Amino acid sequence: MNLHEYQAKQIFSQYGIPIPRGRVAANPAEAKQIAEELGGKVVVKSQVLVGGRGKAGGIRLAKSSQEAEELATLILGMEIKGLPVRKVLVDEAVSIEKEIYLGITNDRSSRKPVMMASAEGGVDIEEVASRSPEKIIKVLIDPLLGLREYQSRDVAVFIDLPKSFWRSFISLADSLWRVYRETDATLVEINPLVITKDQRLLALDGKMSIDDNALFRHADLAEKRDLDIEAPAEIEARKYGLSYIKLDGEIGCMVNGAGLAMATMDIIKLYGGSPANFLDIGGGAGADKVAAALRIILSDVNVKAVLINIFGGITRCDEVARGILSAIGEVKPNVPMVVRLVGTNAEEGRRLLADAQMITAETLVEAAQKSVRVARGGA
Amino acid sequence: MSILINKHSRVVVQGITGHEGSFHAQQMIAYGTNVVAGVTPGKGGEWVLDGKVPVFDSVKVAVEATGANVSVIFVPARFAADAIFEAADSGVPLIFCITEGIPVQDMMVVRAYLDQKGVRLVGPNCPGALTPGEAKVGIIPGNIAIPGDIGVVSRSGTLTYEVLYALKLHGMGASTCVGIGGDPVNGTSFIDALSLFEADPYTERVILIGEIGGSDEEKAAEYISRHMTKPVIAFIAGQTAPPGKRMGHAGAIIEGGSGTAADKIQALNNAGVRVARHPEEIPALLQH
């Protein structure tokens with residue numbers, strides 16, 4: 001789950017990382033008020049969870065509170081990459097001497113946290129990484145020891161930080177490490193971290209992603225979830241504990257298990273069709289969950305056929321069949337459905353579905369071929 | 001014969017009185033697995049599963065009393081990291097963690113600790129292991145596989161069942177099947193499992209089932225080309241997965257353009273590994 005810039009910076013600030021003065025506004029009048037309090041010269045920044053806000057015109061400099069109000073009006077009416085701008089952050093404008101990149105993330109390959117820094121801040125770090133990787137320092141952090149002071153000092157030296165800033169940088173890096181640890185973040189990033197003309201270290205921007213699996217112990221952060229970036233069907237699916245991702249194709253898929261769900265999508269493609277979604281009902285799903293899954297699949301108007309592929313282990317095929325029957329009774333689908341049930345209680349499941357006019361398949365290949373054919377209107 | 005588990009393994013089930021733990025402990029026993037103890041703090045002294053399995057308050061006491069040498073964990077995600085530490089400190093050399101949804105930072109600390117202690121972890125978020133005809137530890141249905149000479153290692157659960165079942169229909173069997181789990185930070189890797197299969201005299205061939213995300217399949221490909229004498233067949237799920245979306249498993253995500261199925265298939269092909277286009281094609285590839 002990603003946090004907005006203003007939310008990330010509030011958390012940074014609570015951990016002692018200096019951020020510019022500023023507040024978030026939901027309407028132009030508020031933005032004007034905040035700009036007045038800050039002395040007029042401000043930056044008005046759209047708060048949407050996509051990259052490239054600046055290039056899209058979603059970050060603008062205002063010389064007066066009047067202009068801040070006008071820019072807020074403009075920006076709050078924008079959509080950036082399909083997402084509506086509902087809030088703007090109004091920050092004091094500062095004069096910048098040096099821009100730095102600083103972040104901590106999970107390094108999958110070494111299975112450890114990694115601190116990354118570069119003297120080339122303010123630009124897309126992935127671009128720097130591909131263009132000139134030698135300009136980025138990566139410091140692996142032992143999860144049992146935490147970030148050590150010498151490691152932050154090494155980073156300060158690498159990015160050519162003037163010696164007078166070392167102490168404050170080391171303390172800032174330690175704060176960032178604590179944010180990462182204590183919020184179960186998968187990414188904390190300051191880009192840019194700046195030295196201002198009046199010689200202050202300041203986090204001008206902030207980005208945080210939180211591990212969804214850890215939200216059970218961060219109720220305060222879980223509340224900050226922005227639902228704008230998720231399709232309504234994905235939100236609905238999460239309520240039922242289903243993992244659903246909408247795609248562009250025409251064959252709706254219901255599968256138990258993530259790997260098998262991906263393999264089912266792949267085989268549909270292999271036989272010339274295209275999957276309408278990824279959907280994993282998980283292990284041991286009951287009839288209610290299955291019914292919800294089928295409703296969600298059928299709510300996609302592009303779906304021309306449904307493929308249900310269940311390999312019963314913990315999941316019982318008779319339960320799945322009951323869920324299908326209950327959903328069919330309710331939704332009255334007008335698209336053909338191909339069903340393949342294998343494993344635990346598969347025969348009972350097939351018997352339950354015998355009268356439901358569904359197309360059955362024995363093998364994965366057969367299921368894929370049949371669903372591609374019926375999606376094209378074949379029999 | 002087999003890797004990791006066999007009929008002599010002595011298994012302790014952590015979370016044996018829970019819904020999942022109790023059901024699967026029963027299934028493991030029905031398959032013939034030597035389940036010698038269960039652990040649920042606060043329920044020590046009870047006997048469960050028709051009075052056949054003693055329950056202890058801690059793993060340490062269970063190990064001391066029963067000589068258990070494998071632990072399998074079925075506790076909820078928020079308690080799972082602690083359960084792994086407890087198992088590691090009890091002296092068992094091998095831990096299977098079935099639990100899904102453990103926070104990744106918990107797993108990074110777990111990994112660092114286990115590496116220091118030299119304890120092997122399989123999982124988390126995995127189906128466990130099955131040595132057909134001998135023992136199963138975890139949740140793989142026993143009846144979908146027959147004994148044989150094929151080693152199977154996989155990041156997935158039901159997809160693995162699909163493959164085992166396809167093998168069985170063709171009269172092919174497995175030496176051991178091990179699911180290493182779909183999380184970004186786990187214990188046993190593809191390389192660990194491949195090296196065990198390479199050393200196992202009863203495994204003649206290996207099937208590797210991977211998926212999008214991370215670079216473990218690429219590392220496995222490099223290992224195969226340098227160290228494996230036994231033939232390896234692979235399947236990679238997620239060729240149609242869009243970038244930036246987590247496909248169910250916490251670890252199955254294409255990030256920053258890396259971890260795609262195409263990259264992994266290329267790396268495996270370069271290492272001389274034939275990659276099946278779908279799971280049911282695997283038996284045919286093994287015959288040629």
Side-chain angles (χ1 to χ4, degrees), chain A residues 106 108-109 111-113 126 129-130 141-145 180-181 184-186 211-217 243 245 247-249 255-271 274-275 278-280 282-284 309-315 342-344 363-365 368, chain B residues 20 23-24 77-78 100-109 111-113 116 127 139-141 144 154-162 165-166 182 184-186 209 211-216 219 235 237-242 245-252 255-256 261 277-281:
Chain A
N106 302 339
R108 221 170 136 161
S109 166
R111 292 155 163 75
K112 290 185 169 75
E126 279 175 12
S130 64
I141 301 166
D142 185 325
L144 298 176
L145 290 179
Y180 167 86
R181 277 296 286 162
D184 272 293
T186 54
D211 181 358
D212 285 327
N213 283 342
L215 288 176
F216 69 81
R217 55 190 176 206
S243 178
I245 293 165
L247 303 167
D248 302 329
V255 187
N256 63 324
L260 187 56
M262 281 189 276
T264 305
M265 288 159 52
D266 294 347
I267 196 169
I268 287 172
K269 184 83 181 289
L270 185 66
Y271 285 98
S274 71
F278 166 91
L279 195 156
D280 171 15
N309 182 28
I310 304 296
F311 202 108
I314 314 181
T315 307
V342 187
T344 312
T363 66
L364 191 49
V365 169
Chain B
E20 300 271 307
F23 176 77
H24 290 291
R78 62 184 67 193
E100 176 178 358
I102 304 177
V104 65
Q105 290 204 22
D106 287 7
M107 280 314 303
M108 291 196 290
V109 177
R111 250 316 278 267
Y113 185 72
Q116 286 185 357
I139 64 176
I140 301 175
I144 60 170
S154 171
R155 265 170 78 184
S156 171
T158 50
L159 176 56
T160 317
Y161 309 167
E162 190 80 65
Y165 185 66
V185 174
N186 60 2
I209 303 166
E211 62 187 26
I212 54 161
S215 57
D216 285 1
K219 287 184 194 160
F235 174 72
Q239 298 184 52
T240 47
K245 291 278 187 182
R246 195 169 91 169
M247 306 303 280
H249 289 162
E255 289 169 302
R277 294 174 304 158
H278 59 80
E280 288 167 351
E281 198 180 46

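Every chain is numbered from 1 and lettered A, B, ... according to where its sequence line falls, protein lines coming before strand lines. Predicted model, so just to flag it, every value in this text is computed and none were measured. We use all heavy atoms of the structure for the numbers below, so side chains are in, but hydrogens, waters and symmetry mates are not.
The aromatic rings of B/Y165 and A/F311 lie perpendicular to each other, with more than 60° between the two planes, well past the 30° mark.
In this structure, the portion of B/I102 lying under 4.5 Å from any heavy atom of chain A is its backbone and not its side chain. At a 4.5 Å heavy-atom cutoff, the contact between A/L364 and chain B is made by backbone and side-chain atoms alike. Of the two parts of A/R217, only the side chain, counted from C-beta on, holds a non-hydrogen atom closer than 4.5 Å to a non-hydrogen atom of chain B. The parts of B/T240 that come within reach of chain A are both its backbone and its side chain, each placing non-hydrogen atoms under 4.5 angstrom from that chain. With a 4.5 angstrom heavy-atom cutoff, A/V255 does not touch chain B via any of its atoms. Both the backbone and the side chain of B/A112 come within less than 4.5 Å of a heavy atom of chain A. Using a 4.5 Å cut-off between heavy atoms, B/R246 touches chain A through backbone and side chain atoms alike. The part of B/Q116 that comes within reach of chain A is its side chain, from C-beta onward, which places non-hydrogen atoms under 4.5 angstrom from that chain. Contacts of B/R277 with chain A are made by both backbone and side-chain atoms, with heavy-atom separations under 4.5 Å. If you measure heavy-atom distances from B/F23 to chain A, you find no contacts under 4.5 Å at all. For a residue to count as touching a neighbouring chain, one of its non-hydrogen atoms must lie under 4.5 Å from one of that chain's; by this rule B/P141 touches chain A with the side chain only. Neither the backbone nor the side chain of A/L215 comes within contact range of chain B, judged by heavy atoms closer than 4.5 Å. Heavy-atom distances place both the backbone and the side chain of A/N256 under 4.5 Å from chain B.
Each of B/G214, B/A241, B/P279 has some count of heavy-atom pairs under 4.5 Å with chain A, and the biggest count is that of B/G214. Contact count versus chain A (heavy atoms, under 4.5 Å) is highest, among B/P242, B/S215, B/G157, B/G251, for B/G251. Among the candidates B/G182, B/A252, B/G213, the residue making the largest number of heavy-atom pairs closer than 4.5 Å to chain A is B/G213. Heavy-atom pairs under 4.5 Å with chain B peak, among A/G257, A/A263, A/S243, at A/A263. Chain B forms more heavy-atom pairs under 4.5 Å with one residue of A/D280, A/D212, A/I267, A/I245 than with any other, namely A/I245. Your options are B/E280, B/Q239, B/E281, and the one with the most heavy-atom pairs under 4.5 Å with chain A is B/E280. Contact count versus chain B (heavy atoms, under 4.5 Å) is highest, among A/G282, A/G343, A/P113, for A/P113. The candidate from B/M108, B/E20, B/H278, B/Q105 with the greatest count of non-hydrogen atom pairs under 4.5 Å with chain A is B/Q105.
Test A/N309, A/T264, A/T363 against B/E162 for side-chain contact (heavy atoms from CB on, under 4.5 Å) and you get one pass: A/N309. For the side-chain contact (heavy atoms from CB on, under 4.5 Å) test with B/V104, the passing option among A/N213, A/D184, A/D211 is A/D211; the others fail.
A 4.5 Å side-chain heavy-atom check between B/V185 and A/N106 finds every atom pair outside the cut-off.
Among residues two or more places apart in sequence or in another chain, the salt bridge (Lys or Arg N to Asp or Glu O under 4.0 Å) test is passed with B/K245 by A/E234. The ring-ring contact (aromatic ring centres under 6.0 Å, His included) search around B/H24 returns B/F74, not counting sequence neighbours.
Considering CG of A/L260 and CD of B/E211, their distance stands at 11.5 Å, rounded to 0.5 Å. Interatomic distance, B/E255 CD to A/E126 CD, rounded to the nearest 0.5 Å: 9.0 Å. Between A/M265 atom CE and B/M247 atom CE the span is 3.5 Å, to the nearest 0.5 Å. Atoms CZ and CZ, on B/R78 and A/F216 in that order, are 5.5 Å from each other to the nearest 0.5 Å. With rounding to the nearest 0.5 Å, the separation of CZ in B/F235 from CG in A/D266 is 5.5 Å.
Under the 3.5 Å distance criterion, the side-chain polar atoms of B/R155 are left unmatched by any main-chain donor or acceptor of A/G259.
A 6.0 Å sphere centred on CD of B/E100 holds no more than 12 heavy atoms belonging to other residues, nucleotides or ligands. By the neighbour-count criterion of 12 heavy atoms within 6.0 Å, atom NZ of A/K269 is sparsely surrounded, having that number or fewer from other residues, nucleotides or ligands.
Minimum heavy-atom separation, B/A237 to A/M262: CB-CB, 3.9 Å.
Salt bridge present: A/R111 and B/D216 bring a charged side-chain N and a carboxylate O closer than 4.0 Å.
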